[in-house]
Amino acid sequence: MRLADPMGARVSDRDGREIGHVSDVRLREYAIPARAPADTESRVEGLVVATRRRGRLIAYDHRPVDGPWPLARLARRAARNALWAPWSAVTDHEPPVRLGGPGAVRLTAVGTELAPLVDVHDDWSSMRESAGPRSG
């Protein structure tokens with residue numbers, strides 16, 4: 001699978017209901033044990049699911065925006081209905097049939113069990129602050 005394959009894919013929950021489309025694939029960087037401290041690897045953490053077809057969250061789903069206030073307000077509004085699907089909830093992915101077409105992602109969870117993206121942003125912010133800079 002290529003990282004771009006899930007982008008735009010239709011997302012169905014455990015019950016087969018379509019709940020949106022993949023707006024972003026999130027990665028997390030991990031240190032590689034027994035290697036130089038600067039060596040890392042990236043792993044898929046989860047998917048951002050946009051519940052509205054009208055936009056792709058205008059790239060403001062990438063991280064919380066604190067200001068200037070008009071931009072922050074626009075970002076909150078764009079992401080207010082987006083959901084977070086952890087990678088562990090992804091059960092199946094079908095790549096697009098043709099280049100540029102939408103693929104399909106199926107989840108082990110019901111759509112109502114997924115966390116709102118804005119809640120996950122708060123968790124990421126607190127993790128980033130508590131982690132501090134990496135030593136090395």
Locate the shortest heavy-atom distance separating [X] from [Y]; write the atom from each residue and the value.
| X | Y | result |
| --- | --- | --- |
| Glu45 | Tyr30 | OE1-OH, 3.2 Å |
| Val105 | Val90 | CG1-CG1, 4.0 Å |
| Gly111 | Leu83 | O-CD1, 4.2 Å |
| Gly8 | Pro102 | O-CB, 3.6 Å |
| Ala85 | Leu114 | CA-CD2, 4.1 Å |

By salt bridge (charged side-chain N to carboxylate O under 4.0 Å, His left out) - contacts of Arg43 (at least two apart): Glu41
Set of residues satisfying side-chain hydrogen bond (donor to acceptor under 3.5 Å, both in side chains) with respect to Arg14, sequence neighbours excluded: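 Not a single residue meets the side-chain hydrogen bond (donor to acceptor under 3.5 Å, both in side chains) criterion with Arg14.
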Using 0.5 Å steps for rounding, measure from the CZ atom of Arg106 to the CZ atom of Arg10. 11.5 Å
Tell me the side-chain hydrogen bond (donor to acceptor under 3.5 Å, both in side chains) pairs involving residues 95-105, sequence neighbours left out?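 Pairs touching residues 95-105 that pass the test: none.
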Could you state whether Val110 and Val49 fall into the same hydrophobic cluster, counting links through intermediate Ile, Leu, Val, Met, Phe, Trp or Tyr residues with side-chain heavy atoms under 4.5 angstrom apart?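 No.
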Pairing residues for Thr108 by the side-chain contact (heavy atoms from CB on, under 4.5 Å) criterion, not counting sequence neighbours: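 Thr108: side-chain contact (heavy atoms from CB on, under 4.5 Å) contacts with Ala89, Thr91.
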Test side-chain contact (heavy atoms from CB on, under 4.5 Å) applied to Ala104 - qualifying residues, sequence neighbours left out: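 For Ala104 the side-chain contact (heavy atoms from CB on, under 4.5 Å) partners, ignoring immediate neighbours, are Glu94.
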One pair to check against side chain to side chain contact (heavy atoms under 4.5 Å, CB included): Trp87 and Leu47. What are the steps and the verdict? CA-CA 7 Å; Trp87 191 246; Leu47 306 174; 4.1 Å; yes
Closer than 3.5 angstrom, by distance alone: can the side chain of Asp13 be matched with the main-chain N or O of Asp15 as a donor-acceptor pair? yes
